S.K.: 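Sharing a structure here in structure tokens format.
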Amino acid sequence: MPAAGPRPFKGLHNFLKKFTPWQIIVGALTTLYAAHHADLLLGLTPAEPEKKMFSRRYTRGYTRGLWIFSALDAGFFTSQNIRPKVLRDTMSAIFSVYYLFFPKRAVEKNNIMLQTITSTHMRRSWEKMMHPLIRLMTWINSPRLGVCKQIKLKLSKEAGDYSDSIVTLTIFFKGSEEELAKAETLILDIPGGGFVAMHPSCHADYLMAWAGQTGMPIVSIDYKKAPEHPFPHGLFECFDVYKSIVTTKGASVGLSGTLQPRIALAGDSAGGTLAASVMNMIIEYTPVLPRPCGLLLVYPCMLVGLDFWISNSDLAVIEEEIARGPIPSDNLKARPGRGDGMTLNSKAAFMDDQVLGSSFLRALMVMYIGGDTTIDHKSDYLLSPIHTPNHILAQYPRTYILSGEKDPLVDDSIIFMAKLRRAKRAAGIDLESDTLRIISGVSHAFLQMTGIVPEMRDLVKVLGEELVDIVKPPNVQQESSWGEASSASIQGEGKDGADLVQVHVHPTAISNPRQISPFVFQWEQQVTRDAVTIYEHRRVAYLDQLGIHDD
């Protein structure tokens, strides 16, 4: 055998002698990479379906926000088991930067995690706002506030509360403690987080912005989360906090207690669900409680379930509203199976959503319900406000709902608003103040993107103006307060006070129409609709699924 080895390799041996060892190593690795990815380098692979779908689905700003959020989630998932915390924070930042440059790896990492997602994983990922670097960025971009503190509110069954617990409240206020005591209005915020994660500090960017813009105190509730505290524990805590505020005339949160404050009840995502459920409890509570001036619900989950079809009864409600004008007339024209019980809803159309995919929604709902087999999912309106009876809906105060056009939960908002308007119309209530706005080309969680998507800052400002408008004193005072209780306690002979008799009454409306500024009007005209044009976004989703791209 030749000294250079087998004869077929002699030529290769002589060729390689021209190169240094490091050149040979680099060349070999490059050759291996090129061979492994030859189909990609030669353009033989089809276009990434998710890239095609996202480019057709979302606005440029929201796509950028998803790219950054996906990288952050993947970075925090990758570093979640590192100890100690200082090292974990450092490595999560490094990993996130890596995933910014390799977004496909980030999506793959997140999809793997979603297959076996736990509440711990969710909290590590969603509570990334508490990372030191992100907190610093939030503080730099936020207005300087005179009051930014946490207080503990003790609840007691002996005092008439639903539970014996201690709830932490975070208060944001532009002025001083003395000015806080004199406040006549406040915003009670219930923060979202899928019922399992995210305390008020994770929402501090827009809550602090609202405090600076409105000049009103923002009181945000850190209610107990599932799965350790499943439904209805967190809901009852939120209701008890509201009851404490109105029964003490705000003294429990630092107000003087001499005047009943005008309250706007706000919530995003799961917080929007809880806000609507709290409103139901307020209306039915005996004795009668002072009511909020209005509700602000941002991309709420009004139906806790994974049904992929819109029922014929819900479809009829929507079509009734279409005929009356608030929803565009082309709303449902091309939807498969219209009228036969086979109409797909937004959860089905957007089940691949990068924020609220179907597997993720399933995990959230299982954790929130907690395996309670006694819950009637088809009628419990404290669990799913979309089932709220008409006699309660008719007593709702002014309601503003904002959702994303591509959000898997957008149909919840559309159907709930349609039912709300129908109930109020039947009760003879003025509908001018109830508003549904759908932001074009975005999905869920856009309030969390205010620091990275500039156009979302205008959205926060719009919502701030809406909150100010909600708590304005009405132009015309009526003799009676807004609404009456939907149930009254009637105690007969030999009966205890727990017996309740349903009393159906028509509430007396206080005129409180929206008086929006030119800025809000222009913003709504440019980026929102009265209700989503489902015809278009569902058509695109169906065609994409079938591989038909109608450009």
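From a predicted model like this one, the values you see are computed outputs, not experimental measurements.
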S.K.: In this structure, are over 12 heavy atoms from other groups packed under 6.0 Å from Lys174 atom NZ?
M.R.: no

S.K.: Cut-off 3.5 Å, side chains only: do Tyr99 and Thr78 have a donor facing an acceptor?
M.R.: yes

S.K.: Would you say the ring centers of Tyr299 and Phe446 fall short of 6.0 Å from each other?
M.R.: yes

S.K.: What about the rings of Tyr206 and His203, do their centers lie closer together than 6.0 Å?
M.R.: yes

S.K.: Excluding sequence neighbours, so at least two apart, what forms side chain to side chain contact (heavy atoms under 4.5 Å, CB included) with Gln213?
M.R.: Trp210, Lys461, Glu465

S.K.: When Arg437 is tested against each of Val527, Ile401, Leu402 for side-chain contact (heavy atoms from CB on, under 4.5 Å), which residue passes?
M.R.: Leu402

S.K.: Count the heavy atoms of every other residue, nucleotide or ligand shown that sit under 6.0 Å from CZ of Arg88, and state whether that count exceeds 12.
M.R.: yes

S.K.: Please, which pairs that meet ring pair (Phe, Tyr, Trp, His ring centres under 6.0 Å) have at least one residue in residues 63-87, sequence neighbours excluded?
M.R.: Phe76-His131

S.K.: Hey, what do you get for CG (Leu274) to CZ (Phe231), rounding to the nearest 0.5 Å?
M.R.: 9.0 Å

S.K.: Can you tell me if Thr168 and Lys152 form a side-chain donor-acceptor pair at under 3.5 Å?
M.R.: yes

S.K.: Examine the side chains of Tyr396 and Asn280 and answer whether a donor and an acceptor come within less than 3.5 Å of each other.
M.R.: yes

S.K.: Regarding Asn110 and Ser70, do their side chains bring together a donor and an acceptor under 3.5 Å, going by distance alone?
M.R.: yes

S.K.: Would Lys225 pass as a cation-pi partner of Tyr223, given that its NZ or CZ must be under 6.0 Å from the six-membered ring centre and within 45 degrees of the axis?
M.R.: yes

